[in-house]
Amino acid sequence: MSEYNDQLNGKICMITGANSGIGKATAIQLAKMGIHIVMVCRNKERGENAQKEIKEESGNNNIDLLIADLASLNKVKEMVDEFKRNYDDLHVLINNAGVFNKKRTLTIDGYESTFGVDYLAHFLLTNLLLDIIKKSAPSRIINVSSNIHLYFKINFDDLMSEKKYASQKAYANAKFALVLFTHELARRLDGTGVTVNALHPGHARTKMTKSKNWISKLFLFLLSPLIVSPEKAARTSVYLASSPEVEGVTGNYFKKCKAIKSHEMTYDKSIQKKIWEISKKLVDI
Ligand SMILES: NC(=O)c1ccc[n+]([C@@H]2O[C@H](COP(=O)([O-])OP(=O)(O)OC[C@H]3O[C@@H](n4cnc5c(N)ncnc54)[C@H](OP(=O)(O)O)[C@@H]3O)[C@@H](O)[C@H]2O)c1
């Protein structure tokens with residue numbers, strides 16, 4: 001699947017959270033095709049170590065690193081400014097970074113961290129990059145969501161989990177918002193040559209799913225027949241970023257490289273608009 005490809009050689013792809021797990025595996029597979037990767041990572045040392053590994057494993061030297069902590073909206077803005085000073089195009093944006101926090105923590109801007117990092121930072125990042133993404137069309141935006149959004153609906157009454165914190169619910173709020181955002185943005189970008197799709201990567205053994213807690217360990221053990229490697233979990237992101245089969249395909253939710261139904265409520269245009277307006281206010285754009 002992931003081999004050097006004349007059509008993709010030199011295309012520019014930004015991946016958030018590219019130093020670990022599914023993001024790093026995605027970067028390696030796309031780099032092998034000749035795609036120029038721009039990694040976005042929060043920690044310089046972890047970023048540089050992964051950058052070296054991606055170059056070595058892919059044989060592609062066009063692997064750049066930008067540092068931004070997505071828990072700060074200002075850092076996102078500064079990173080976008082730096083990107084625009086140094087690049088003329090962006091053909092693929094993969095909004096991949098994510099956290100799953102056992103305890104409620106806040107971002108620099110005072111938002112619940114899962115919602116802030118997994119969703120709001122990517123809402124802002126995508127909107128700030130839209131001009132360059134449109135200019136680079138045909139181009140693609142890929143939102144790494146999760147099938148958790150099928151089991152827990154978004155709670156508009158407690159988006160920041162202030163009333164009650166439960167890690168799964170906070171995570172579901174963020175991943176549900178990401179799917180709503182995908183549908184709304186796809187409609188807004190109709191006719192521009194920019195596609196937007198969301199995906200569930202599958203359950204993978206990564207830093208995020210490693211746990212010291214025995215209940216989680218037992219849960220993961222029971223789930224183990226379903227757990228795949230980060231390399232396998234990266235396949236849907238790689239497919240959406242590179243396959244000619246999905247040229248022009250937009251506003252879908254994918255699992256195992258197939259479009260499937262997202263939660264019924266995510267197709268409601270009034271709810272899509274609602275999260276868009278709330279997000280705009282929260283990130284102040
Ligand atoms: N693994 C699964 O079973 C699974 C299932 C469904 C969906 N997903 C989604 O897949 C995506 C990748 O997760 P993964 O499993 O590969 O986990 P992972 O190995 O923990 O990778 C998460 C990445 O996000 C980065 N990140 C976290 N907080 C950040 C911040 N504030 N600023 C910038 N980067 C930040 C991490 O950087 P550091 O290394 O610096 O922490 C890391 O590079 C996530 O969106 C996750 O929700 C995963």
Side-chain angles (χ1 to χ4, degrees), residues 14-29 37-51 53-54 65-76 78-80 93-102 105-109 111-122 124-125 142-152 167-168 170-179 181-182 198-211 216 219-220 223-224 226-238 240 253-256 262:
M14 179 187 283
I15 309 175
T16 64
N19 63 288
S20 169
I22 298 167
K24 186 171 77 181
T26 304
I28 292 171
Q29 290 174 39
I37 305 291
V38 181
M39 309 165 63
V40 175
C41 304
R42 64 174 154 180
N43 178 282
K44 192 164 183 281
E45 194 184 342
R46 286 197 291 274
E48 284 173 350
N49 288 338
Q51 182 184 28
E53 197 183 325
I54 296 165
L65 172 64
L66 294 178
I67 303 298
D69 184 347
L70 302 180
S72 160
L73 296 174
N74 261 336
K75 295 288 175 204
V76 173
E78 284 171 17
M79 186 271 289
V80 170
L93 168 64
I94 307 184
N95 290 319
N96 164 84
V99 286
F100 180 91
N101 293 326
K102 255 189 346 203
T105 60
L106 299 181
T107 65
I108 305 290
D109 308 284
Y111 300 136
E112 189 284 311
S113 295
T114 325
F115 195 75
V117 171
D118 297 28
Y119 170 63
L120 273 183
H122 290 118
L124 177 64
L125 176 66
I142 296 148
N143 293 324
V144 180
S145 180
S146 164
N147 70 343
I148 197 165
H149 91 278
L150 297 170
Y151 309 111
F152 297 93
S167 46
Q168 285 93 341
Y171 186 64
N173 267 351
K175 295 301 186 181
F176 203 109
L178 211 45
V179 179
F181 170 52
T182 302
L199 67 98
H200 168 60
H203 297 290
R205 200 175 300 281
T206 62
K207 209 163 66 175
M208 179 181 278
T209 52
K210 261 187 205 145
S211 176
S216 309
F219 183 67
L220 282 174
L223 262 183
S224 57
L226 300 176
I227 292 179
V228 299
S229 65
E231 290 70 31
K232 199 165 179 190
R235 283 188 193 161
T236 306
S237 293
V238 171
L240 287 173
Y253 168 72
F254 283 76
K255 180 183 164 188
K256 291 188 180 168
S262 52

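Not measured: the values here are computed from a predicted model. As the structure lists them, so they are numbered: ligands from 1, and atoms in each ligand from 1.
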Quick one: side chain to side chain contact (heavy atoms under 4.5 Å, CB included) partners of Ala97, sequence neighbours excluded?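 In terms of side chain to side chain contact (heavy atoms under 4.5 Å, CB included), with neighbours along the sequence ignored, Ala97 is linked to Thr16, Leu70, His122.
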
My understanding is that only residues two or more places apart in sequence, or in another chain, count here; which of them pass side-chain hydrogen bond (donor to acceptor under 3.5 Å, both in side chains) with Thr114?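 With sequence neighbours excluded, Thr114 shows a side-chain hydrogen bond (donor to acceptor under 3.5 Å, both in side chains) to Glu112, given in chain and number order.
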
At a heavy-atom distance under 4.0 Å, which protein residues reach ligand 1? Sort them by chain and number, would you?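 Contacts of ligand 1 under 4.0 Å: Gly17, Asn19, Ser20, Gly21, Ile22, Arg42, Arg46, Ala68, Asp69, Leu70, Ala71, Asn96, Ala97, Gly98, Val99, Val117, Val144, Ser145, Ser146, Tyr171, Lys175, His200, Pro201, Gly202, His203, Ala204, Thr206, Lys207, Met208, Thr209.
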
Fit a plane to each ring of Phe115 and Tyr119, take the angle between them on a 0 to 90° scale, and name the class: parallel (under 30°), tilted (30 to 60°) or perpendicular (over 60°).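 Correct class here is tilted.
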
Please name the residue in the list Glu45, Glu53, Arg46 that meets the side-chain contact (heavy atoms from CB on, under 4.5 Å) test with Asn49.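 In the set Glu45, Glu53, Arg46, the residue that makes a side-chain contact (heavy atoms from CB on, under 4.5 Å) with Asn49 is Glu45.
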
Which is it for Leu93 and Leu125 under the side chain to side chain contact (heavy atoms under 4.5 Å, CB included) test, yes or no, and what are the steps along the way? CA-CA 10 Å; Leu93 168 64; Leu125 176 66; 4.1 Å; yes

Under the ring pair (Phe, Tyr, Trp, His ring centres under 6.0 Å) test, which residues partner Phe100, sequence neighbours left out?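 Checked Phe100 against ring pair (Phe, Tyr, Trp, His ring centres under 6.0 Å); matches are Tyr171.
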
